[in-house]
Every structure is written in structure tokens, then in C-alpha cells.
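Worth knowing before you read on, the calculation uses all heavy atoms, side chains too, and leaves out hydrogens, waters and symmetry mates. For the single chain, residues carry numbers from 1 onward in sequence order.
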Amino acid sequence: MERLICLVIGYLCGLLQTGYLVGKMNHIDIRQKGSGNAGSTNALRVLGWKAGLMTFAGDVLKCVIAILLVRYLYRGSECLPLLAMYAGVGATLGHNFPFYLKFKGGKGIAVLAGLVISTKVWMALIPLAAFLIAVLFTRYISLGSLLASSMFFLEVVVCGQLGCFDMEAMYLYELYILVFALMVLAWYRHKDNIKRLLAGTENKFGSKKKE
């Protein structure tokens, strides 16, 4: 029951579609422009830096809030990192699949950023480095996002095995499964980007979207 409650808390927080709201503030439906995605990258391309940063900040914050709520409600739990991860999963699902927008949301990378820094702040360093290196050298935000999600999974497994989460093995393995599922979901949500990357037609950061 605790896990379900944490998922629901996360999902409800994830329903705040920052990109959609920022788009409406600019009198457009962001899902009808650019890539059709409600995330920060599309907001950046369509509406500029200010809108992109507002969207990113909002998407990060809603995940952080969900996890803080869970950490408060279940403070003292022997599997608190696991429950917090359920909240992060819920926030990702709410962001990616908002029921009131016909389940058409973002791709969850900004939410993942909120999850990473909420898990352990220092854990953000490796995924962030992977993201920045990929984007700086290739200008593909999608590639940076995929690498960041993968590095977070590897980082969680390594840290878990080193005892950083202070949980019993059964909770650790469940935690690994959740983070692996998030990684798979991130790759699935980027499936069109992956096809374009392989074909050499993916849109580069700073360039206009290819029709």
C-alpha cells in the first residue's frame, strides 16, 4: 500500500504540465508546435530560452516536491529511498502520460533530473557530465538525455552495492528494477529520436527543426 500511495503522490505532482502551461501563457499549444512534445527541449526550440528554462525548472521541481512529501510522510521507514523512488516513478508517469491531456506529455528527462538530485545531490554529477559532454560534442540533446538516464541507472546500482542507500538487499533489488524501468521508459520515449540519430537526421541543438 505504501508503494501505491507514493506512486499516486508522484503521479499527481507529475500532472503539472509546465510546458503546456508556459505554452498557453504564450497563446499556443506546445504539443502542436515543433516536435509536438510538452517538455523543456521543445519549449526551448519553439518559445526560446526563458520558456525553456521555466519549463525545465517546473518539471524538476514537481518531482522534488513529490519526493519531499514522501520523505516526510514515511520518515523513519527502513526503505525510504525505495519509497522515494516510487514517487519519482509516479512523477515521471504523470509527466509523460497526463490523463487530462489525452496521455500526451513530455519525455521525462527534466523529471529525471529532479529525481537524481533528490536521491543524492552528488549523484547528479555523473549523469550531468554525460549529458553535457554528449551535447557539447554532438549537439544532440536526445543523445545526452539517453546517456544521462543510463548513467543514473548504473550509478544507482554501484552506489547500492556500496551500501549508500542503507537498505536490505530485497529493497535494493526492487530499487534497481524501478530505476531500470525508468531508463527503459526514457529510451522508449526517445524511440523516434533514436531512429533519427541512426539515420543522421536528428535535429541538433541550436538548429531549426527539420521538417
Nearest heavy atoms of [X] and [Y], plus distance in Å:
{"X": "Thr55", "Y": "Ala43", "result": "OG1-CB, 3.5 Å"}
{"X": "Gly10", "Y": "Ala66", "result": "CA-CB, 3.9 Å"}
{"X": "Ser150", "Y": "Met183", "result": "CA-SD, 3.6 Å"}
{"X": "Ile67", "Y": "Ser118", "result": "CD1-CB, 3.5 Å"}
{"X": "Leu15", "Y": "Gly94", "result": "CD2-O, 3.9 Å"}
{"X": "Leu16", "Y": "Asp59", "result": "O-OD1, 4.2 Å"}

Gln161 vs Tyr176, test: side-chain hydrogen bond (donor to acceptor under 3.5 Å, both in side chains). Steps then yes/no. CA-CA 10 Å; Gln161 294 304 111; Tyr176 300 159; 2.7 Å; yes
Atom [atom1] of [X] and atom [atom2] of [Y]: how far apart are they, to the nearest 0.5 Å?
{"X": "Ile141", "Y": "Glu202", "atom1": "CD1", "atom2": "CD", "answer": "9.0 Å"}
{"X": "Leu69", "Y": "Ile5", "atom1": "CG", "atom2": "CD1", "answer": "12.5 Å"}
{"X": "Met54", "Y": "Thr18", "atom1": "CE", "atom2": "OG1", "answer": "8.5 Å"}
{"X": "Leu4", "Y": "Tyr11", "atom1": "CG", "atom2": "OH", "answer": "13.5 Å"}
{"X": "Glu155", "Y": "Ile126", "atom1": "CD", "atom2": "CD1", "answer": "4.5 Å"}
{"X": "Leu47", "Y": "Ser40", "atom1": "CG", "atom2": "OG", "answer": "12.0 Å"}

[X] atom [atom1], neighbour heavy-atom count above 12 within 6.0 Å:
{"X": "Asn26", "atom1": "CG", "result": "yes"}
{"X": "Lys50", "atom1": "NZ", "result": "no"}
{"X": "Lys191", "atom1": "NZ", "result": "yes"}

Please assess Arg189 against Ile109 for the test side chain to side chain contact (heavy atoms under 4.5 Å, CB included), listing each intermediate value before the final yes or no. CA-CA 10 Å; Arg189 294 291 286 174; Ile109 298 303; over 6 Å; no
Test item: [X] and [Y] side chains (from C-beta on) under 4.5 Å apart, heavy atoms:
{"X": "Val89", "Y": "Leu7", "result": "yes"}
{"X": "Met85", "Y": "Thr119", "result": "yes"}
{"X": "Leu82", "Y": "Leu80", "result": "no"}

Linked, directly or transitively: [X] and [Y] (ILVMFWY side chains, under 4.5 Å):
{"X": "Met151", "Y": "Leu125", "value": "no"}
{"X": "Leu185", "Y": "Val111", "value": "no"}
{"X": "Ile133", "Y": "Leu146", "value": "no"}
{"X": "Val179", "Y": "Leu154", "value": "yes"}
{"X": "Tyr171", "Y": "Leu182", "value": "yes"}

Side chain to side chain contact (heavy atoms under 4.5 Å, CB included) between Leu143 and Val135, worked out: CA-CA 7 Å; Leu143 179 59; Val135 174; over 6 Å; no
Given the rule in the side chain to side chain contact (heavy atoms under 4.5 Å, CB included) test, do Leu112 and Thr92 qualify, once you have shown the distances and angles that lead to the verdict? CA-CA 7 Å; Leu112 178 65; Thr92 303; 5.9 Å; no
Between [X] and [Y], is there a donor-acceptor pair closer than 3.5 Å when you use the side chain of the first and the backbone of the second?
{"X": "Asp29", "Y": "Lys24", "value": "no"}
{"X": "Lys62", "Y": "Gly14", "value": "yes"}
{"X": "Asn96", "Y": "Gly108", "value": "yes"}
{"X": "Arg31", "Y": "Leu101", "value": "yes"}

Side chain to side chain contact (heavy atoms under 4.5 Å, CB included) between Lys120 and Cys164: does it pass, once the steps are laid out? CA-CA 9 Å; Lys120 289 186 182 295; Cys164 296; 4.1 Å; yes
Restricting to salt bridge (Lys or Arg N to Asp or Glu O under 4.0 Å), what partner residues turn up for Lys107, sequence neighbours left out? none
Salt bridge (Lys or Arg N to Asp or Glu O under 4.0 Å) partners for Arg71, two or more places apart: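 None.
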Residue pairs passing the salt bridge (Lys or Arg N to Asp or Glu O under 4.0 Å) test where at least one lies in residues 2-13, sequence neighbours excluded: Arg3-Glu174
Tell me which pairs pass ring pair (Phe, Tyr, Trp, His ring centres under 6.0 Å) where either residue lies in residues 126-164, with sequence neighbours left out.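 Output for this query lists Phe153-Phe180.
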Contact list for residues 58-107, test ring pair (Phe, Tyr, Trp, His ring centres under 6.0 Å), sequence neighbours left out: none
How does the hydrophobic cluster around Leu68 look, that is, which other residues are in it when side-chain heavy atoms under 4.5 Å mark a link?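 In the cluster with Leu68 are Phe56, Val60, Val64, Ile117.
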